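Counting begins at 1 with the first residue of the sequence. Note that the structure is a prediction, hence the values are computed from the model and not measured.
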Amino acid sequence: MIKIYHNPRCSKSRQGLEILENSGKEFEIVKYLDNTPSEKELKEVIRLLNISPIDLVRKNEKIWKDEYKGKELSDSEVIKAMIENPKLIERPIVIKGNKAVIGRPP
C-alpha cells in the first residue's frame, strides 16, 4: 500500500496527491498536520528516506527561523521539533514498501 503524508494547503503536496490519484493505485492519505506522526513513525520515515532528520525540516518556516535556526540540535531534538511543530516536516512524503521519497518536485 502506498502512503502519502499530505498537507492540503501545500501546492506541491496537492500536486503529489494528484499524481497518486491519476495512477489508479490504492493509497492512504495521512494528513500529518491533523494526525502528527509519532517519534517512532517519524524515525522510520527518515530511515526509509535515508536522510538525516535535519534534511526533513522546512527551514524557511517562521517557527524554524524564530525558535531553532542557528542552534546546535541533536537528531533527537530535530525530531522532537518536528513532532511539536509538524508544519516543519517537508512534504509531500510518499512511501511504498521499504522506499520513500519527498515529492519535491512532484
Is the shortest heavy-atom distance from the side chain of [X] to the side chain of [Y] under 4.5 Å?
{"X": "P92", "Y": "Y5", "value": "no"}
{"X": "E44", "Y": "E41", "value": "no"}
{"X": "P8", "Y": "K31", "value": "yes"}
{"X": "I95", "Y": "L48", "value": "yes"}

Handout entry: L42-I29 co-clustered via ILVMFWY side chain contacts under 4.5 Å
Key =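 No; I29 is not reachable from L42 via cluster members.
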Exercise for the section: Check the hydrophobic clustering (I, L, V, M, F, W, Y; side-chain heavy atoms under 4.5 Å; chains of links allowed) and say if I2 and V101 are grouped together. Expected result: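 Same hydrophobic cluster.
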What is the distance from atom [atom1] of [X] to atom [atom2] of [Y], rounded to the nearest 0.5 Å?
{"X": "H6", "Y": "K12", "atom1": "NE2", "atom2": "NZ", "value": "14.5 Å"}
{"X": "W64", "Y": "R58", "atom1": "CH2", "atom2": "CZ", "value": "13.0 Å"}
{"X": "R91", "Y": "I4", "atom1": "CZ", "atom2": "CD1", "value": "12.0 Å"}
{"X": "I79", "Y": "L88", "atom1": "CD1", "atom2": "CG", "value": "13.0 Å"}

Extract all donor-acceptor atom pairs below 3.5 Å that involve side chains of residues 17-28 and protein atoms in other chains or at least two apart in sequence.
from	atom 1	to	atom 2	distance (Å)
N22	ND2	E18	O	3.3
S23	OG	L20	O	2.6
S23	OG	K25	N	3.1

Problem - NZ/K69: more than 12 non-hydrogen atoms of other groups inside 6.0 Å - result: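 No, the 6.0 Å shell around NZ holds no more than 12 heavy atoms from other groups.
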Handout entry: Criterion side chain to side chain contact (heavy atoms under 4.5 Å, CB included) against I102, the qualifying member of V94, I89, I51, V45
Key =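 Among V94, I89, I51, V45, the one that satisfies the side chain to side chain contact (heavy atoms under 4.5 Å, CB included) with I102 is I51.
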Handout entry: Partner of Y68 under side chain to side chain contact (heavy atoms under 4.5 Å, CB included), chosen from V78, I54, N85
Key =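 Among V78, I54, N85, the one that satisfies the side chain to side chain contact (heavy atoms under 4.5 Å, CB included) with Y68 is N85.
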Exercise for the section: Could you tell me which residues satisfy salt bridge (Lys or Arg N to Asp or Glu O under 4.0 Å) with E67, sequence neighbours excluded, listed by chain and number? Expected result: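 With neighbours one apart ignored, the set is empty.
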Exercise for the section: Apply side chain to side chain contact (heavy atoms under 4.5 Å, CB included) to the pair E90 and R104, showing each step before the final yes or no. Expected result: CA-CA 9 Å; E90 192 61 82; R104 298 186 77 79; 2.8 Å; yes
Practice task
Salt-bridge test for K80 and E77: reply yes if a basic N is under 4.0 Å from a carboxylate O, no otherwise.
Solution key: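 Looking at E77 together with K80, the answer is no, because their closest N to O distance does not fall below 4.0 Å.
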